[in-house]
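Right, one structure below, let's go through it.
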Amino acid sequence: MPELPEVETTRRGIQPYVQGRALRQMIVRERRLRWPVPDDLEQILAGRKILALARRGKYLLLKFSHGTALWHLGMSGSLRLVDPRLPADKHDHIDWVFNRDLALRFHDPRRFGALLWTEEPVEEHPLLKHLGPEPLEEHFDGAYLFRKTRKSDQAIKSWLMNARNVVGVGNIYANEALFNSGLRPLKKASTLSAIQCDRLAEAVKQILANAIQRGGTTLRDFVGGDGKPGYFAQELSVYGRGGMPCHQCGKILTEERLGQRSTVYCARCQK
DNA sequence: CCCGATTCCTGTAGGC
DNA sequence: TGCCTACAGGAATCGG
């Protein structure tokens with residue numbers, strides 16, 4: 001599912017093809033996403049040029065001369081470049097058609113994704129306004145984690161997955177980063193030492209950077225698919241491995257639910 | 001304010 | 001084979 005690395009992969013994959021291009025037509029086959037696609041968006045965007053692509057957390061930002069489209073992939077969404085003559089399947093909800101050969105097609109079976117429009121400065125948008133720092137930027141570090149966790153009784157995993165604290169870390173990467181830093185997911189945030197915060201910040205950065213470098217997973221075959229096998233099966237230490245032996249010590253990995261999310265850890269390696 | 005539970009949705013997997 | 005249920009999860013929103 002698309003977390004920060006997959007959204008970044010999407011941005012990089014489509015940018016060379018869509019930046020500077022004008023939208024000839026927008027086709028909406030299903031408006032009922034996480035929020036309805038704005039009624040008049042087809043009119044607003046027809047003939048307009050995409051000036052730049054950016055990302056904030058898991059939001060893809062497509063900048064036009066008079067506003068910005070916010071595209072969220074939810075958990076089953078993907079954006080692909082296709083030949084517009086390719087028949088749309090059941091879950092291909094939106095096309096941005098650029099010319100007779102090229103369209104950007106949004107596919108999202110579970111419809112947790114969203115396409116919204118704002119003419120305000122994008123950082124003022126209610127969905128973006130309260131987002132925490134980007135994990136790959138410098139001021140997300142151990143000192144930040146230490147400072148912000150002092151008064152929180154929350155489990156560190158839940159804390160990490162809250163976009164107000166830091167963006168882009170979903171269930172998969174939270175489980176992995178905690179394993180890599182030797183911390184139990186249920187450990188109360190306020191009980192982390194400064195050194196543990198350093199390790200955790202580093203682990204988050206490392207796992208996300210590594211995933212981006214590998215082109216994420218969900219959208220690997222996105223443009224010009226290089227045929228590389230999925231990165232996850234090889235790289236995941238704990239996610240999806242409950243009941244299997246720890247790669248590090250051999251102990252059977254514990255799986256439990258924390259905040260309705262499956263949580264996996266090694267009771268020996270993580271304290 | 002804080003934090004856990006609920007909610008949206010559909011494809012997939014497991015039990016019988 | 002098919003029916004049923006549980007589960008997957010981003011994140012806003014609700015409720016205690």
Side-chain angles (χ1 to χ4, degrees), chain A residues 1-11 28-38 55-61 70-79 88-94 106-116 118 124-135 147-178 185-192 204 207-208 211 216-219 230 232-233 236 238-244 253 255-264:
Chain A
M1 58 293 311
E3 297 189 29
L4 185 150
E6 287 75 33
V7 178
E8 181 60 19
T9 298
T10 300
R11 189 186 69 79
V28 182
R29 302 181 191 85
E30 174 58 83
R31 307 199 91 83
R32 296 171 303 168
L33 303 180
R34 177 69 173 82
W35 293 282
V37 177
R55 180 188 57 74
R56 178 76 176 99
K58 296 174 189 170
Y59 291 89
L60 189 61
L61 309 177
L70 285 70
W71 219 325
H72 197 294
L73 303 181
M75 65 165 290
S76 60
S78 64
L79 282 168
D89 101 352
K90 181 157 88 149
H91 301 298
D92 289 337
H93 306 311
I94 300 169
F106 179 63
H107 177 86
D108 186 9
R110 287 174 220 183
R111 294 196 275 124
F112 281 18
L115 174 58
L116 299 169
T118 180
E124 298 297 316
H125 193 278
L127 291 172
L128 301 189
K129 197 154 58 173
H130 300 290
L131 292 181
E134 288 286 329
R147 181 159 35 88
K148 299 292 275 188
T149 51
R150 288 312 83 194
K151 289 175 189 162
S152 174
D153 285 339
Q154 225 181 352
I156 186 59
K157 177 169 179 266
S158 307
W159 191 94
L160 213 49
M161 290 175 64
N162 183 344
R164 285 179 174 248
N165 298 322
V166 57
V167 296
V169 184
N171 197 37
I172 295 172
Y173 295 119
N175 277 298
E176 294 297 307
L178 287 164
L186 285 94
K187 186 171 169 59
K188 282 194 196 310
S190 62
T191 67
L192 269 70
V204 167
I207 192 98
L208 294 177
T217 299
T218 322
L219 301 165
F232 275 157
L236 287 183
V238 287
Y239 181 82
R241 298 197 61 247
M244 295 160 72
L253 295 172
E255 175 157 15
E256 50 196 67
R257 298 188 76 71
L258 168 62
Q260 327 302 115
R261 293 291 172 268
S262 112
T263 300
V264 189

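Just so it is clear: chains get the letters A, B, ... in the order the sequence lines come, proteins before strands, and each one is counted from 1. Since the structure is predicted, the reported quantities are computational estimates derived from the model, not experimental observations. Reckoned from all heavy atoms, side chains included, excluding hydrogens, waters and symmetry mates.
- In this structure, the CZ atom of Phe106(A) is 15 Å from the P atom of dC9(B), given to the nearest Å.
- When the side-chain nitrogen and oxygen atoms of Lys151(A) are compared with OP1 and OP2 of dC1(B), none of them lie within a distance under 4.0 Å.
- For Arg111(A) and dG11(B), the CZ to C1' distance is 13 Å, given to the nearest whole Å.
- Proximity of a side-chain donor or acceptor of Asn175(A) to a complementary backbone N or O of Val238(A) within less than 3.5 Å is not detected.
- Side-chain nitrogen and oxygen atoms of Tyr239(A) include none within less than 4.0 Å of the OP1 or OP2 phosphate oxygen of dA8(C).
- In this structure, CG of Leu73(A) is placed 17 Å from C1' of dA8(C), rounded to the nearest angstrom.
- Distance CE (Met75(A)) to P (dC7(C)): 15 Å, rounded to an integer number of Å.
- Within 4.0 Å (heavy atoms only), Ser152(A) reaches sugar-phosphate atoms of the nucleic acid but no base atom.
- The interatomic distance linking Leu258(A) (CG) with dG10(C) (P) rounds to 13 Å, in whole Å.
- dG4(B) atom C1' lies 13 Å from atom NZ of Lys188(A), rounded to whole Å.
- The distance between atom CD of Glu30(A) and atom P of dC8(B), rounded to the nearest whole Å, is 16 Å.
- Using bins of under 30°, 30° to 60° and over 60° for the plane-to-plane angle, the ring pair His107(A)/His91(A) lands in the perpendicular bin.
- Among the protein residues, Asp153(A) comes within range of the sugar-phosphate backbone only, with heavy atoms under 4.0 Å from sugar or phosphate atoms but none that close to a base.
- Across all strands, Ser262(A) comes closer than 4.0 Å only to sugar-phosphate atoms, never to a base (heavy-atom distances).
- In the set dC3(B), dT10(B), dA8(C), dC3(B) carries the atom at the smallest distance from any side-chain atom of Gln154(A).
- The shortest distance between side-chain heavy atoms of Leu70(A) and Leu60(A) does not fall below 4.5 Å.
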Can you give one letter per nucleotide of nucleotides 11-16 of chain C, 5' to 3': B if a protein heavy atom sits under 4.0 Å from the base, S if only from the sugar-phosphate, - if neither? BS----
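- Side-chain atoms of Lys188(A) and Thr149(A), non-hydrogen and from C-beta on, never get closer than 4.5 Å to each other.
- Looking at the side chain of His91(A), the nearest of the listed nucleotides dA5(B), dG11(B), dC7(C) is dG11(B).
- Arg55(A) places a side-chain N or O within donor-acceptor distance of the main-chain N or O of Gly57(A), the cut-off being under 3.5 Å.
- Of the candidates dG9(C), dT10(B), dG10(C), the closest approach to any side-chain atom of Pro109(A) belongs to dT10(B).
- At the heavy-atom level, Arg164(A) lies nowhere under 4.0 Å from the strands shown.
- Asn171(A) has its CG atom 12 Å from the C1' atom of dC7(C), to the nearest Å.
- In this structure the side chain of Val28(A) never reaches within 4.5 angstrom of the side chain of Leu115(A), judged on heavy atoms.
- Under the side-chain contact (heavy atoms from CB on, under 4.5 Å) test applied with Glu176(A), the options Leu208(A), Ile207(A), Val204(A), Val169(A) reduce to a single match, Ile207(A).
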